[in-house]
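Atoms considered below: every heavy atom in the structure, side chains included; atoms not considered: hydrogens, waters and symmetry mates. Chain A is the first sequence line, chain B the second, and so forth, proteins listed ahead of strands; every chain is numbered from 1.
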Number of protein chains: 2
Amino acid sequence: MNVEGTLDQDDPYVAAPPSSRRRGVLADEVAGYVRQLILTGSLRPGTKIDQDAVGRALDVSRSPIREALVVLGHEGLLDLTPRRGASVAQLRREDIIDHYELFGVVSGRAAAMAAELLDEDQIRELNELHSRFTGDDQEVLQQLNHDFHRVINLAAPRRTRWLLRHLERTVPANYYEFADGWNHRAVEHHASILEAITRRDPEGARSAMEGHLHESGVAAADQLEERGFFTDPDTGGPAEAGQ
Amino acid sequence: MNVEGTLDQDDPYVAAPPSSRRRGVLADEVAGYVRQLILTGSLRPGTKIDQDAVGRALDVSRSPIREALVVLGHEGLLDLTPRRGASVAQLRREDIIDHYELFGVVSGRAAAMAAELLDEDQIRELNELHSRFTGDDQEVLQQLNHDFHRVINLAAPRRTRWLLRHLERTVPANYYEFADGWNHRAVEHHASILEAITRRDPEGARSAMEGHLHESGVAAADQLEERGFFTDPDTGGPAEAGQ
DNA sequence: ATAGTAAATACATTATGCATAATAATAGTC
DNA sequence: GACTATTATTATGCATAATGTATTTACTAT
């Protein structure tokens with residue numbers, strides 16, 4: 001075997017499970033594991049997923065693995081071909097940009113509703129979170145950013161929140177610290193979003209949020225490009241489907 | 001198998017009867033089956049899914065069933081509680097409206113891009129389809145409606161098209177003929193969308209499309225309400241989670 | 001009689017075995 | 001020597017068996 005992109009040496013399926021006991025839902029565990037490998041770039045687009053290899057790495061059988069692959073396929077991270085298994089889906093720059101654009105229109109809807117529906121306490125909480133958005137601890141900033149958006153999304157109805165969670169999970173970056181200088185601009189964006197919400201201006205909030213996520217997308221794509229996420233390490237050119 | 005020391009010449013083992021049964025991807029089959037049951041209202045919200053019962057009904061084992069349930073859970077049609085199985089998710093009127101609203105913003109994005117990117121041939125095709133939108137054969141109208149939107153969505157990038165397919169599949173109605181009088185209004189909506197696209201007016205196309213889907217949502221919700229989709233047949237009140 | 005606990009049962013989840021499609025390897029032919 | 005056909009191997013997908021957990025039921029003690 002040893003087809004281009006398969007494991008053997010340089011085995012990407014490395015991490016062992018944290019501890020044997022305490023096994024929750026294995027399929028979720030597997031999904032998270034493979035998702036991480038994809039989003040961090042350890043598994044290049046086009047590479048086939050070796051079910052047995054994953055099973056060995058995590059010490060689980062194929063049933064939960066199959067379920068995980070189905071989920072990831074549904075998330076758009078894997079291509080599932082009937083009798084030929086799963087392979088990592090292509091993720092081009094265009095896809096990242098597009099994804100954040102979608103994120104923008106959906107998040108924009110949430111922001112517009114937030115401008116109408118959030119109560120004073122929640123707006124205070126947003127201000128609270130916003131004011132703490134300083135320093136350079138990426139972990140903390142990540143969390144604050146997440147919380148900020150979460151409070152806004154509370155104003156959106158169930159289905160919208162569900163889609164936002166979905167969109168959040170299926171795109172690379174924001175696993176990583178953003179590029180330098182990004183935090184500064186993010187603060188400005190958040191400020192204008194917050195201002196529009198405080199002003200009770202739905203359309204203002206929507207367009208501020210859309211703009212924020214548009215720029216986030218560009219930043220994320222740049223970040224990924226810099227990390228060589230879009231370029232095939234072998235050819236140096238853009239990554240293409242394996243064989 | 002049949003590693004070494006096997007019989008080469010004089011092979012008495014004739015080919016097995018080719019008939020048997022060649023089945024496609026069972027999980028998809030199961031998913032379609034259960035999805036239909038849910039979207040048509042045969043399975044009320046809150047109802048638990050009996051895996052064995054499904055297996056008996058379709059004569060398949062649990063593996064493809066589980067995979068199907070995972071997919072449906074991911075689509076938001078089922079609630080998957082870790083050690084307690086799957087149950088039909090609540091679908092309230094609010095969810096339908098919200099869903100179509102999301103459909104609107106995403107479809108609106110596609111329409112805006114269509115106004116910029118569709119070539120003359122494609123616009124001609126839209127006119128073609130639009131002009132045939134008469135009569136009262138629900139099947140044909142359904143198809144024409146679908147094609148109309150499909151051509152527009154061609155202008156959108158991959159990820160957006162993917163999300164649109166996703167949104168299309170996970171909502172009830174449009175499995176059913178819409179209410180009387182709806183076709184007439186749909187034609188008007190399509191006309192204004194088409195007009196904006198012809199005018200190369202992205203924002204006009206966007207808002208026309210958003211309006212179209214907003215009204216579609218209301219129509220679909222009304223239709224479902226009329227059919228008693230939201231009311232529990234036992235209590236007569238709104239359907240609630242089963243025990 | 002009721003509440004609490006423990007056994008029993010039902011069922012979701014995971015593991016394993018097996019048949020078959022897909023792919024790689026090999027032999028045979030032009 | 002290159003190309004095609006045939007065989008062998010690998011891995012996927014489905015079925016069945018085993019395992020563990022949640023829930024119900026029965027029983028005992030207060």
Side-chain angles (χ1 to χ4, degrees), chain A residues 1-8 11 13 17 20-31 33-34 46-73 78-88 241-243, chain B residues 1-11 13-31 33-34 47-73 78-88 241-243:
Chain A
M1 57 191 262
N2 194 5
V3 190
E4 154 69 51
T6 336
L7 45 148
D8 273 348
D11 185 347
Y13 309 95
S20 54
R21 292 283 174 106
R22 186 87 197 95
R23 316 233 294 184
V25 179
L26 290 190
D28 289 351
E29 213 170 298
V30 176
Y33 172 75
V34 178
T47 48
K48 284 183 303 202
I49 304 291
D50 187 331
Q51 301 185 355
D52 289 337
V54 176
R56 275 191 301 273
L58 268 58
D59 192 41
V60 296
S61 79
R62 299 221 305 274
S63 309
I65 293 176
R66 289 190 55 74
E67 291 177 19
L69 297 186
V70 167
V71 168
L72 295 174
L78 293 178
D79 285 331
L80 255 56
T81 326
R83 275 264 166 196
R84 297 175 59 174
S87 59
V88 180
Q243 80 282 85
Chain B
M1 324 310 145
N2 220 354
V3 195
E4 54 189 292
T6 18
L7 26 91
D8 283 355
Q9 65 271 68
D10 185 30
D11 186 356
Y13 308 102
V14 288
S19 66
S20 62
R21 52 188 172 170
R22 41 177 289 96
R23 306 210 270 189
V25 180
L26 289 190
D28 288 352
E29 212 170 298
V30 176
Y33 173 75
V34 178
T47 313
K48 285 187 297 240
I49 304 290
D50 186 334
Q51 301 185 356
D52 291 338
V54 176
R56 274 192 301 272
L58 269 59
D59 191 41
V60 296
S61 81
R62 317 167 86 103
S63 309
I65 294 176
R66 288 200 110 276
E67 292 176 17
L69 296 187
V70 166
V71 168
L72 294 174
L78 293 179
D79 285 331
L80 255 55
T81 326
R83 297 262 166 194
R84 296 177 56 175
S87 58
V88 180
Q243 63 282 93

Which residues share a side chain to side chain contact (heavy atoms under 4.5 Å, CB included) with A:V70, sequence neighbours left out
A:L80, B:E67, B:V71
Could you report the tightest heavy-atom contact between B:A68 and B:A27, atom names first, then the distance?
CB-O, 3.5 Å
May I have the distance from A:I65 (atom CD1) to C:dT14 (atom P), rounded to whole angstrom?
11 Å
Side-chain N,O (A:S61) to OP1/OP2 (C:dA15) below 4.0 Å:
yes
Can you name the side chain to side chain contact (heavy atoms under 4.5 Å, CB included) partners of A:D52, sequence neighbours left out?
A:D50, A:R56, A:R62
B:L69 CG to C:dC11 P, in whole Å, measures 15 Å
Determine the minimum heavy-atom distance between B:L78 and B:A86, stating which atoms define it.
CD1-CB, 4.1 Å
Without decimals, in angstroms, what is the distance between B:E67 CD and C:dT14 P?
13 Å
CG of B:L26 versus P of C:dT20: gap in Å, rounded?
14 Å
Scan nucleotides 20-23 of chain D against the protein and return all N/O pairs shorter than 3.5 Å with their distances rounded to 0.1 Å.
| from | atom 1 | to | atom 2 | distance (Å) |
| --- | --- | --- | --- | --- |
| D:dT23 | OP1 | B:R84 | NE | 3.1 |
| D:dT23 | OP1 | B:R84 | NH1 | 3.2 |

For A:Q51, which contact category applies under a 4.0 Å heavy-atom criterion: base, sugar-phosphate, or nothing?
sugar-phosphate
So which nucleotide from D:dG13, D:dA15, C:dT14 ends up closest to the side chain of B:P64?
D:dA15
Could you state the CZ-P distance from B:R56 to D:dA15, rounded to the nearest angstrom?
15 Å
Walking DNA chain D from its 5' end, the first of A:A86 and A:S63 to be reached, judged by nearest nucleotide, is A:A86
Roughly how far, to the nearest 0.5 Å, is the NZ atom of B:K48 from the CZ atom of B:R84?
7.5 Å
State, to 0.1 Å, how close B:L26 and B:V60 come at their nearest heavy-atom pair, and which atoms those are.
CD1-CG1, 3.8 Å
Measure from CZ on B:R66 to C1' on D:dA17 and round the result to the nearest Å.
15 Å
Which atom names give the shortest non-hydrogen contact between A:Q51 and A:L69, and what distance separates them?
NE2-CD1, 3.7 Å
To the nearest angstrom, how far is B:D59 atom CG from D:dA15 atom P?
8 Å
Give the rounded distance in Å between these two atoms: CG of A:L80 and P of D:dA11.
17 Å
I want to confirm an ordering. Mapping B:D52 and A:R62 to their closest nucleotides on DNA chain C, which one lands closer to the 5' end?
B:D52
